[in-house]
Structures are given as structure tokens and as C-alpha cells.
Number of protein chains: 2
Amino acid sequence: MFSIGQLSKRTGVKIPTIRYYEQMGLIDEPERSEGNQRRYTKDGLTRLSFIRHSRDLGFTIEDIRGLLDLSQHPEKPCSDAHSIAAQHLLGVQGRITKLRRLERELKRITKCDADNVATCAVIETLADHGLCETEH
Amino acid sequence: MFSIGQLSKRTGVKIPTIRYYEQMGLIDEPERSEGNQRRYTKDGLTRLSFIRHSRDLGFTIEDIRGLLDLSQHPEKPCSDAHSIAAQHLLGVQGRITKLRRLERELKRITKCDADNVATCAVIETLADHGLCETEH
DNA sequence: CTTGAAGCTCTAGTGGCTAGAGGAATTATA
DNA sequence: TATAATTCCTCTAGCCACTAGAGCTTCAAG
């Protein structure tokens with residue numbers, strides 16, 4: 001049996017976040033001590049680790065709800081899990097593409113070596129979209 | 001003089017967002033018509049375009065507050081603008097790095113060709129961090 | 001048995017909007 | 001000019017995934 005603090009240390013999930021997950025229904029309400037404190041089992045630890053790891057990979061709470069549900073039913077086909085993950089991969093790749101464009105643009109405008117704002121490329125570019133090299 | 005709707009069309013910023021920027025103090029309260037509707041000048045348009053463009057480049061509202069302030073003072077040295085932009089560039093680059101690691105991981109786990117959840121790599125990897133190839 | 005750490009609930013705040021209710025003003029058409 | 005259609009107004013609440021803080025209770029070590 002773990003206290004919420006021990007669970008937090010073992011999983012790296014902060015205490016208020018654990019309570020938040022409970023509220024969101026991602027983890028079951030655990031048993032309580034006589035004094036009403038949460039007491040977790042090894043299963044609780046496993047489940048929270050799964051959540052933590054999924055969050056690290058950027059899945060949303062709703063994604064995770066689906067993935068958790070699947071993981072409880074080992075006999076099911078895993079195509080659902082795949083489509084969640086593949087969907088997420090597409091999202092990640094889209095974000096990378098956008099950020100790379102942004103990076104190029106920011107690199108370009110920070111090259112400016114003016115010494116006052118009147119002629120500064122950063123300010124100028126922000127004021128005038130036409131100076132941009134790429135769409136964003 | 002533009003109505004809020006015209007301003008919105010010209011800048012691509014949604015109407016509630018314009019009002020939100022006003023509330024946040026990013027744009028001045030404009031004059032009003034007799035019937036209390038907002039009426040914007042060309043200056044308002046310019047300022048909102050600046051904001052829109054900066055948001056597109058991912059600057060936060062607080063960044064933009066600083067950049068706007070600078071842009072009003074053309075005689076100032078532009079080192080401040082540069083440090084805001086350079087700082088932001090670093091942030092963007094950090095996010096790209098993280099997302100690329102993520103992408104690798106997601107690609108790897110979605111390669112799984114099991115046909116049920118019991119042996120599915122997606123589920124398995126989420127449950128067990130040790131199966132990951134890289135840190136994230 | 002005391003003390004200090006850790007736990008409890010509850011409310012509110014974060015950023016950057018977005019949505020909706022319920023009503024007033026403006027503009028276009030008949 | 002009357003009316004209909006559209007736009008605008010304010011205000012409140014919601015989104016996501018937490019995070020912070022107040023004010024209180026319980027637990028574990030010495």
C-alpha cells in the first residue's frame with residue numbers, strides 16, 4: 001500500500017495531478033485509511049505509470065481514456081490503439097512542420113544588426129507580413 | 001473608420017479575440033459610434049496586424065506587449081526586441097527537438113503488426129517505459 | 001505525547017481564446 | 001419609411017491539463 005506521496009515519487013506525477021486524474025475518472029478512487037487518506041495498490045501504480053508515460057508522449061486525456069480501456073481488454077484487436085497512435089503521430093508531424101517554418105523565419109529576422117528600433121528587422125517584420133519569406 | 005467586423009476581416013483576427021485583446025490592454029479602447037459600437041482607425045488596424053503576425057510566430061501576449069512597446073519608440077536600441085525574439089527562437093528549437101524524439105518513438109511503436117491488444121506494441125510500450133528507445 | 005511532515009477538501013487561477021444568452025444598433029431591401 | 005436581416009453589445013462560463021493556496025486533519029518518528 002502506498003500513500004499518495006509515495007505514488008507521486010515512484011511515478012513522477014505530482015500529487016495534485018494524481019487527484020485531478022482521479023476526478024477525471026482516469027484512475028479509480030483508491031481505498032482510504034481510517035483517517036481518510038488515499039492508499040494505493042500496485043495496480044494503481046501500474047495504471048498511473050501508463051498514464052504518465054502516455055502523457056509524456058503527448059496523448060490527450062481523452063486519448064488515454066481510450067488506450068486504458070483497450071489495455072484492460074487484451075483479447076480485443078489492437079487496430080483502435082493503432083489508429084489513436086497513428087492519428088497522434090500525424091498531429092506531431094504537423095506541429096514539427098509548422099515549428100520548422102517558424103524557426104526559419106525567426107532565424108532570418110533575428111539576424112538583423114541594426115542598432116535602433118526604427119530600422120530593426122524584428123520589429124519591421126512583425127509590422128509587415130509582406131516581409132516574410134514563407135507562409136505561416 | 002472600421003467596425004469590429006471589418007477589422008476582423010482585414011486582419012483575420014476573430015471578433016471575440018479583438019475584444020479580448022482590448023481587455024488585456026494590448027490595443028487601446030477605440031472610439032464608439034452613437035450607438036456604442038467600436039469604430040477603429042487605420043492605426044488600430046496596423047497595431048492589430050502587428051499583434052496577429054506576432055501571434056502567428058508564436059510570441060506570447062506578454063512578449064507582444066514588450067514588442068509593441070518597443071515599436072512605439074523607434075529611437076530605442078533594438079537589443080530588447082532581439083533578446084525577446086532570440087529567446088523565443090530557443091524555445092521553438094527546444095520544442096522541435098522534443099517533438100522529433102516523440103515522432104521517432106511513435107513511429108517505432110506504431111510499426112507493430114500484432115492483431116490483438118495482448119501483444120500490441122502500442123499498449124505494451126505505454127505500459128512499460130523500459131521499452132522506449134529514447135528519453136522523453 | 002508532542003511535533004512536523006504529509007495528507008485532506010475546496011476554490012480559484014493559468015493562457016489564449018471560444019461559445020452562448022439576451023438584447024440593442026445598424027444596414028439593406030421592399 | 002417600415003421592416004427584415006445582419007452585426008454589434010455586455011456578460012458569463014467553458015476549454016485543456018494542470019497548479020497554487022487556504023485552512024484544516026492525520027500520520028509517523030522520537
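Just so we're on the same page: letters track the sequence lines, and every chain starts at 1. Below, each value reflects all heavy atoms present in this structure, side chains not excepted, and no hydrogens, waters or symmetry copies. The structure presented is a predicted model; accordingly, all values stated were derived computationally and were not measured.
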S.K.: List in numerical order all residues of residues 33-50 of chain A for which some heavy atom is under 4.0 Å away from an atom belonging to DNA chain C.
M.R.: A/N36, A/Q37, A/R38
S.K.: Nucleotide by nucleotide, 5' to 3', does protein get under 4.0 Å of the base (B), only the sugar-phosphate (S), or neither (-) in nucleotides 15-21 of chain D, counting heavy atoms?
M.R.: --BBB--
S.K.: Checking the side chain of B/S49 only, and the main-chain atoms of B/L45 only, is there a donor and an acceptor separated by less than 3.5 Å?
M.R.: yes
S.K.: Within the 4.5 Å heavy-atom criterion, are A/Q87 and A/D63 side-chain neighbours or not?
M.R.: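 They are not in side-chain contact.
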S.K.: Please report the distance, rounded to the nearest Å, between CD in B/Q23 and P in D/dT12.
M.R.: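 Checked: the CD to P distance equals 11 Å.
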S.K.: Do A/T110 and B/H88 touch side chain to side chain, with heavy atoms closer than 4.5 Å?
M.R.: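 A/T110 vs B/H88: side chains apart.
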S.K.: Could you tell me how far apart A/F2 (CZ) and D/dC27 (C1') are, to the nearest whole angstrom?
M.R.: 18 Å
S.K.: Could you check if a side-chain atom of B/L102 sits within less than 4.5 angstrom of a side-chain atom of B/L99, using non-hydrogen atoms only?
M.R.: yes
S.K.: Any side-chain N or O of B/R32 below 4.0 angstrom from OP1/OP2 of D/dT10?
M.R.: yes
S.K.: Are there more than 12 heavy atoms of other residues, nucleotides or ligands under 6.0 Å from atom CD of A/Q6?
M.R.: yes
S.K.: Not counting sequence neighbours, list each pair that qualifies as a salt bridge (charged side-chain N to carboxylate O under 4.0 Å, His left out) and has a residue in residues 38-49 of chain A.
M.R.: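 For residues 38-49 of chain A: A/E22-A/R38.
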S.K.: Is there a side-chain contact between A/E105 and A/R108, using heavy atoms and a 4.5 Å cut-off?
M.R.: yes
S.K.: Would you say B/L7 and B/L48 make side-chain contact, with heavy atoms under 4.5 Å?
M.R.: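 Side-chain contact under 4.5 Å: yes.
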S.K.: Under the side-chain contact (heavy atoms from CB on, under 4.5 Å) criterion, do A/L126 and B/F59 qualify, and how do the steps go?
M.R.: CA-CA 11 Å; A/L126 292 175; B/F59 289 97; 4.2 Å; yes
S.K.: Please list, in 5' to 3' order, the outermost nucleotides of DNA chain C lying under 4.0 Å from any heavy atom of chain B.
M.R.: C/dG16 to C/dT26
S.K.: Just to be sure I understand the geometry, which residues of residues 81-90 of chain B put a non-hydrogen atom under 4.0 Å away from DNA chain D?
M.R.: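 Nothing qualifies; none.
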S.K.: Considering only NZ, NE, NH1 and NH2 on the basic side and carboxylate oxygens on the acidic side, decide whether A/E103 and A/K107 come within less than 4.0 Å.
M.R.: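 Salt bridge: yes.
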S.K.: Heavy atoms, side chains only, cut-off 4.5 Å: are B/Y40 and B/R10 in contact?
M.R.: no
S.K.: Can you tell me how far C1' of D/dT7 sits from CD of B/Q6, to the nearest Å?
M.R.: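 The answer, rounded to whole Å, is 11 Å.
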S.K.: Using residues 67-85 of chain A as the side-chain source, report each donor-acceptor pair under 3.5 Å to any protein atom, sequence neighbours left out, with the distance given to one decimal.
M.R.:
unit_1, atom_1, unit_2, atom_2, d
A/S71, OG, A/L68, O, 2.8
A/S83, OG, A/D80, O, 3.3

S.K.: Are any of the side-chain heavy atoms of A/Y20 and A/L26 separated by less than 4.5 Å?
M.R.: no
